[in-house]
2 protein chains.
Amino acid sequence: MTKQVKISEAVVRRLPVYLRYLNELSLSGVQTVSSQDLGEKLDLNPAQIRKDLAYFGDFGRKGVGYNVSYLIEKIRQILKLDRPLHVALVGTGNLGRALCNYNMYLKENMKIIAVFDADPSKVGTVINNLTVQPTEELGATVAEKDISIGIITVPAAEAQNVADRFVAAGIRGILNFAPTVLRAPEGVRIHQTDFTADLLSLAYYMNNDNEDTTRGTVDDEPMAD
Amino acid sequence: MTKQVKISEAVVRRLPVYLRYLNELSLSGVQTVSSQDLGEKLDLNPAQIRKDLAYFGDFGRKGVGYNVSYLIEKIRQILKLDRPLHVALVGTGNLGRALCNYNMYLKENMKIIAVFDADPSKVGTVINNLTVQPTEELGATVAEKDISIGIITVPAAEAQNVADRFVAAGIRGILNFAPTVLRAPEGVRIHQTDFTADLLSLAYYMNNDNEDTTRGTVDDEPMAD
DNA sequence: TAGATTGTTAATCGATTAACAATC
DNA sequence: TAGATTGTTAATCGATTAACAATC
């Protein structure tokens with residue numbers, strides 16, 4: 001029954017969304033849920049949900065649905081959230097501090113355990129029980145504390161530099177909040193959280209009487225040079 | 001030449017990424033750029049870039065490439081960033097304050113001009129020159145100040161409630177940072193910035209010796225009930 | 001048994017990429 | 001003219017959805 005199919009990024013990206021809602025259901029005491037229910041709540045096609053889950057195993061029961069706590073357990077296994085995952089964060093500006101104070105990860109065994117900043121005036125300050133370290137210590141601390149994921153919340157101009165440091169330190173995954181495209185060698189995964197792009201692209205849909213904007217909407221004069 | 005083709009969300013989402021890099025090029029004094037150059041820098045297929053841009057007009061010149069400042073102008077027109085866009089933000093926690101202090105939007109005519117919080121102890125405080133207002137005033141202020149985009153940075157449990165208020169106030173687009181799926185009627189666009197999902201999905205790729213995880217990786221015992 | 005819902009195949013839809021004539 | 005690069009068509013690839021037999 002073990003099919004060798006590559007799991008697409010889109011599928012993996014939906015798993016945490018399922019997990020989050022299942023946790024809610026569990027807290028409300030709901031014991032069973034159908035793909036229909038999930039689909040309605042999460043605005044997804046039920047067939048897609050069944051297909052996503054079926055990549056990893058037969059978690060449901062025909063005619064019944066999915067056992068909520070069993071499915072939670074399985075998704076946490078799939079995402080490898082059933083064991084501790086250490087995270088480091090670089091850049092203690094507003095956003096960096098916001099993330100340090102965010103506690104969602106805790107429940108999922110994911111925890112920011114080291115914080116860095118290049119600014120000497122920030123070094124030594126304390127954020128949510130963590131003392132800010134100088135960026136120079138990044139490599140040593142990552143190795144020492146078995147850190148596998150890095151979060152980048154520095155200005156765009158410094159982001160690639162920090163990413164390179166993370167890569168050199170042997171990190172396996174990077175979540176980048178800086179508004180710039182980062183490059184890393186094979187084997188290091190980069191997730192881009194580009195909310196400026198999310199926000200600016202929203203503008204496109206504003207005051208759009210003709211919902212389908214086409215070539216006609218922009219006047220194409222000959223190119224100025 | 002006006003083809004009636006619907007522009008996909010993926011295409012629109014890439015436009016701000018192009019715009020950002022073009023602005024960089026412009027600052028460096030670069031006057032012309034090819035889809036090849038753009039593709040290398042942004043990690044995208046050159047053909048895709050040419051196709052994206054061609055949806056909106058003939059912006060390039062064969063054998064030469066794209067004029068940087070002309071393309072900037074055109075993309076800003078397409079995204080409707082050539083005119084002021086007023087934004088309101090609800091939720092002045094760490095993340096909300098981080099966004100208020102973020103100034104990227106300014107350059108693009110997009111500006112947070114009103115901030116709200118349900119917590120009376122936050123009301124009246126000042127963030128980046130904006131006085132925090134009680135959430136009750138949201139409807140009136142949105143109408144009064146011609147606000148078309150709303151940003152939600154409240155806890156998940158309150159997010160839908162805030163979204164409903166925004167919708168009732170006549171807002172056209174919402175950028176949601178709360179880790180929950182929001183619903184809105186047709187005509188109101190919701191962009192989800194789910195960085196907890198981005199982070200948790202990153203875990204999937206950690207310590208993955210077999211890069212393609214399949215049914216085999218998770219032990220499928222019979223379902224417990 | 002009758003009703004419900006899964007897992008999975010096949011059909012559809014959409015997005016990306018390759019290739020190349022047009023042309024600067 | 002020769003070299004470069006666009007705009008666009010056709011080919012490919014991948015993801016979503018519909019449909020349904022299996023079965024609880």
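Nothing here was measured: the structure is a model prediction, and the numbers come from that model. Below, each value reflects all heavy atoms present in this structure, side chains not excepted, and no hydrogens, waters or symmetry copies.
Using N1 to N3 plus N6-O4 or O6-N4 for Watson-Crick, or N1-O2 and O6-N3 for G-U wobble, each under 3.5 Å, D:dA10 pairs with C:dT17. Under the Watson-Crick or G-U wobble criterion, with both distances below 3.5 Å, C:dC24 is paired with D:dG3.
The phosphate of C:dT6 (OP1 or OP2) has a side-chain N or O of A:S35 nearer than 4.0 angstrom. The phosphate of D:dA15 (OP1 or OP2) has no side-chain N or O of A:R13 nearer than 4.0 angstrom. Contact between the side-chain N/O atoms of A:S8 and the OP1/OP2 oxygens of D:dG14 is not found at any separation under 4.0 Å. In this model, the phosphate group of C:dA4 is not approached by any side-chain N or O of A:Y66 to a distance below 4.0 Å at OP1 or OP2.
Relative to the side chain of A:K51, the nucleotides D:dT16, C:dG7, D:dA19 differ in distance, and D:dT16 lies closest. With C:dA19, D:dT17, C:dC24 as the candidates, the nucleotide lying closest to the side chain of B:A47 is C:dA19. Considering only the side chain of A:V64, D:dC24 comes nearest among C:dG7, D:dA15, D:dC24.
Spacing between atom CZ of B:F59 and atom C1' of D:dT5 amounts to 17 Å, rounded to whole angstrom units. Spacing between atom CG of B:D52 and atom C1' of D:dT6 amounts to 14 Å, rounded to whole angstrom units. Rounded to an integer number of Å, the gap from B:Q48 CD to D:dA11 P is 20 Å. Rounding to whole angstrom units, CG of residue A:L53 and P of D:dT16 are separated by 14 Å. The distance from atom NZ of A:K6 to atom P of D:dA15 is 11 Å, rounded to the nearest whole Å. We find that OH of A:Y55 is positioned 12 Å from C1' of C:dT9, with the value rounded to whole Å. In this structure, A:I49 places its CD1 atom 12 Å from P of D:dT16, rounding to the nearest Å. Taking atom CG of residue B:L71 and atom C1' of nucleotide D:dT5, one finds them 14 Å apart after rounding to whole Å.
Nearest-nucleotide positions on DNA chain D for A:N45 and A:K62 put A:N45 closer to the 5' end. Looking at which nucleotide of DNA chain D each of B:R50 and A:G63 is closest to, the 5′-most match is held by B:R50.
A salt bridge does not link B:R183 with A:E40: none of the charged nitrogens is closer than 4.0 Å to a carboxylate oxygen.
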- side chain to side chain donor-acceptor pair (under 3.5 Å) between A:Q192 and A:N176, intermediate numbers included: CA-CA 5 Å; A:Q192 186 73 22; A:N176 175 42; 2.9 Å; yes
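Under a cutoff of 6.0 Å and an axis angle of 45°, A:K80 and B:Y204 form a cation-pi pair.
Between A:F195 and B:F177, a ring centre-to-centre spacing shorter than 6.0 Å is recorded.
A salt bridge (Lys or Arg N to Asp or Glu O under 4.0 Å) check over residues 149-167 of chain A, counting only residues at least two apart or in different chains, returns nothing.
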